[in-house]
Amino acid sequence: MLSVDRVGYRVESRWLVRDVSLHADPGEFWVIAGANGSGKSTLVRMLSGELEPASGTVTLEGTPVSTIAIEELARIRACLAQEMNTGFPFTAYEVTLMGRTPWHGGWAFSGEDHRVAAGAMGDLGVTDLAQRTYPTLSGGERRRVDMARVAAQQPRLLLLDEPTNHLDALHQIELMVWCRQFADEGGCVVAVLHDLNLAASYADRMLLLNSGKSAALGDPESVLTPENIRTCFGLECVIWRHPSGCPWVVPIGAANSSTKESPVWGLTTSHQGVTL
């Protein structure tokens, strides 16, 4: 569905992303992870067609993203940015209904549009917010409404930049379950996440970025190693085994710490690689 071949993006002489490749198929849930400033958002903006790569290609269902008409592109893929702000007092329902715009090219929403929007709000658990004005919502409530808007778009590909921003623990899990189900039903999800354990629990594949370049690519088991996490995040950790079977990252402390014993966990670096 989504093919990325050695893409790069630069601002003047500085490369924000360089030589990154991946291939995401229907039915897959991908997570892009990396430290702050590692190029995650820039990469997602290239995948969406918002930014033109300085090098390499991005194709969607075999067609270069840059050549797809914006209306058609919006019917194939939906994007969730890190933040959405509106100065207008739209209700949460009206914001959700905006997701239907690509399907009719105007504001004369049909009965089907209203049915899909209402269903999306139900699926994301925000029906009770429908008549609240968007600017009055909390950060987490806005995020869930934004996801309902994305769902109402009925795309085949979801590009989500930090979708769990502002969400409490329960709503993070609910959103990940929803994304997992979206992929299991034949869609494709590519999401930027900071929580490595959420990624390990729900993703099929992961891309780990370090200073704009691919540091690791594969299933969570192969990507989430103490060595990769030390290199990309400057963090010492051990990898335990979650009861579900997925890897579970347990931080110890900063990799450049002057002491080998963590003041938080009481563990030492000799525990690296331990699995339970």
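Throughout, residue positions are numbered sequentially from 1 according to the sequence presented. Values below: all heavy atoms of this structure, side chains included; hydrogens, waters and symmetry mates excluded.
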Query raised in the report: Is it true that Glu141 and Arg132 make a salt bridge, defined as a side-chain N closer than 4.0 Å to a carboxylate O?
Result: yes
Requested in this report: Check whether any side-chain heavy atom of Phe90 lies under 4.5 Å from a side-chain heavy atom of Thr133, and answer yes or no.
Outcome: no
Query - Within one Ile-Leu-Val-Met-Phe-Trp-Tyr cluster: Leu51 and Leu2, side-chain cutoff 4.5 Å - result: yes
Report task. Say whether, by atom type as modelled, one donor and one acceptor occur between the side chain of Glu94 and the main chain of Thr91 under 3.5 angstrom. Result -> yes
Report summary line: Between Asp168 and the options Gln172, His166, His171, the side chain to side chain donor-acceptor pair (under 3.5 Å) test singles out His171
Query raised in the report: Got a donor-acceptor contact below 3.5 angstrom from the Glu236 side chain to the Gly253 backbone?
Result: no
Query raised in the report: Hey, are the side chains of Met206 and Trp30 touching, using non-hydrogen atoms and a 4.5 Å cut-off?
Result: no
Query raised in the report: Is the backbone of Gly245 close enough, under 3.5 Å, to the side chain of Arg241 for a donor and an acceptor to pair up by distance?
Result: yes
Query - Step-by-step side-chain contact (heavy atoms from CB on, under 4.5 Å) determination, Val223 to Leu217 - result: CA-CA 6 Å; Val223 169; Leu217 180 76; 5.6 Å; no
Query raised in the report: Heavy atoms, side chains only, cut-off 4.5 Å: are His23 and Val4 in contact?
Result: no
Query raised in the report: Quick one: does Lys40's side chain have a donor or acceptor within less than 3.5 Å of a partner on Gly34's backbone?
Result: yes
Query raised in the report: Is a side-chain N or O of Arg143 found less than 3.5 angstrom from the main chain of Thr164, in a donor-acceptor match?
Result: no
Query raised in the report: Which heavy atom of Val249 sits nearest a heavy atom of Pro251, and at what distance?
Result: O-CD, 3.6 Å
Report task. Indicate yes or no: at least one non-hydrogen side-chain atom of Val250 is less than 4.5 angstrom from one of Cys237. Result -> no
**Report entry** Side-chain (Ser110) to main-chain (Asp113) donor-acceptor, under 3.5 angstrom
**Finding:** yes
**Report entry** Nearest atoms (heavy-atom pairs only) where Ala152 meets Val116
**Finding:** O-CG1, 3.6 Å
Query raised in the report: Would you say the side-chain atoms of Arg180 pair up with the backbone N or O of Tyr202, donor to acceptor, closer than 3.5 Å?
Result: yes
Query raised in the report: Step by step, would you call Ser41 with Gln82 a side-chain contact (heavy atoms from CB on, under 4.5 Å)?
Result: CA-CA 8 Å; Ser41 295; Gln82 284 189 32; 2.6 Å; yes
Query - From CG (Leu167) to CE (Met147), nearest 0.5 Å - result: 9.5 Å
Query raised in the report: Shared ILVMFWY cluster between Phe29 and Leu43, side chains joined below 4.5 angstrom?
Result: no
Report task. Would you check if the side chain of Asp161 reaches a backbone N or O of Val192 as a donor-acceptor pair within less than 3.5 Å? Result -> no
**Report entry** Approximate separation, where rounding is to 0.5 Å, of Ser211 OG and Leu16 CG
**Finding:** 11.0 Å
Query raised in the report: Do Ile173 and Leu196 share a hydrophobic cluster (ILVMFWY, side-chain heavy atoms under 4.5 Å, transitive)?
Result: yes
Query raised in the report: Going by heavy atoms in the side chains, are Val58 and Pro53 under 4.5 Å from each other?
Result: yes
**Report entry** Test item: Arg45 and Tyr9 side chains (from C-beta on) under 4.5 Å apart, heavy atoms
**Finding:** no
Report summary line: Ala117 and Thr96 have their tightest heavy-atom pair at O-CG2, 3.7 Å
**Report entry** Note: Glu72-Arg75 ion pair, threshold 4.0 Å (strictly below)
**Finding:** yes
Query raised in the report: Do you know which two heavy atoms are closest between Cys188 and Ala24, and how far apart they sit?
Result: SG-CB, 3.6 Å
Report task. Please lay out, stage by stage, how His114 and Leu97 fare under the test side-chain contact (heavy atoms from CB on, under 4.5 Å). Result -> CA-CA 7 Å; His114 286 282; Leu97 193 58; 3.6 Å; yes
**Report entry** Test item: Lys213 and Leu209 side chains (from C-beta on) under 4.5 Å apart, heavy atoms
**Finding:** no
Query raised in the report: Going from CE on Met121 to CG on Asp128, what distance comes out if it is rounded to the nearest 0.5 angstrom?
Result: 8.0 Å
**Report entry** Heavy-atom closest contact (Ala151 atom, Pro155 atom, distance)
**Finding:** O-CD, 4.3 Å
Query - Spacing of CG belonging to Leu159 relative to OG belonging to Ser48, to within rounding of 0.5 Å - result: 6.5 Å
Query raised in the report: So, Trp15 side chain and Gly8 main chain: donor-acceptor pair closer than 3.5 Å or not?
Result: no
Query raised in the report: Are the side chains of Val65 and Leu73 in touch, meaning some heavy atoms are under 4.5 Å apart?
Result: yes
Report task. Start with the C-alpha gap between Asn165 and Glu162, add the side-chain angles, then the distance that decides, and say whether side-chain contact (heavy atoms from CB on, under 4.5 Å) holds. Result -> CA-CA 6 Å; Asn165 269 1; Glu162 299 186 26; 3.0 Å; yes
**Report entry** Check: Gln154/Arg100 side-chain N/O donor and acceptor closer than 3.5 Å
**Finding:** yes
Query - Side-chain ion pair, Arg115 and Glu112, N-O less than 4.0 Å - result: yes
Query raised in the report: Does Ile76 share a hydrophobic cluster with Ile70, counting links as ILVMFWY side-chain heavy atoms below 4.5 Å and allowing steps through other members?
Result: yes
Query raised in the report: Relative to the ring of Trp248, is the ring of His242 parallel (under 30°), tilted (30 to 60°) or perpendicular (over 60°)?
Result: tilted
Query - Cluster check Val20, Leu60: I/L/V/M/F/W/Y, side chain < 4.5 angstrom - result: yes
Query - CZ-CD1 distance between Arg77 and Ile68, expressed to the nearest 0.5 angstrom - result: 9.0 Å
**Report entry** CG-CZ distance between Leu80 and Arg149, expressed to the nearest 0.5 angstrom
**Finding:** 6.5 Å
Report summary line: Here the pair of heavy atoms bringing Val17 nearest to Val7 is CG1-O, 3.9 Å
Query raised in the report: Does a side chain donor of either Thr231 or Asn228 reach within less than 3.5 Å of an acceptor in the other side chain?
Result: no
Query - Salt-bridge criterion met for Glu61 and Arg156 (N-O under 4.0 Å) - result: yes
Query raised in the report: Is there a donor-acceptor contact under 3.5 Å from the side chain of Asp219 to the main chain of Ser222?
Result: yes
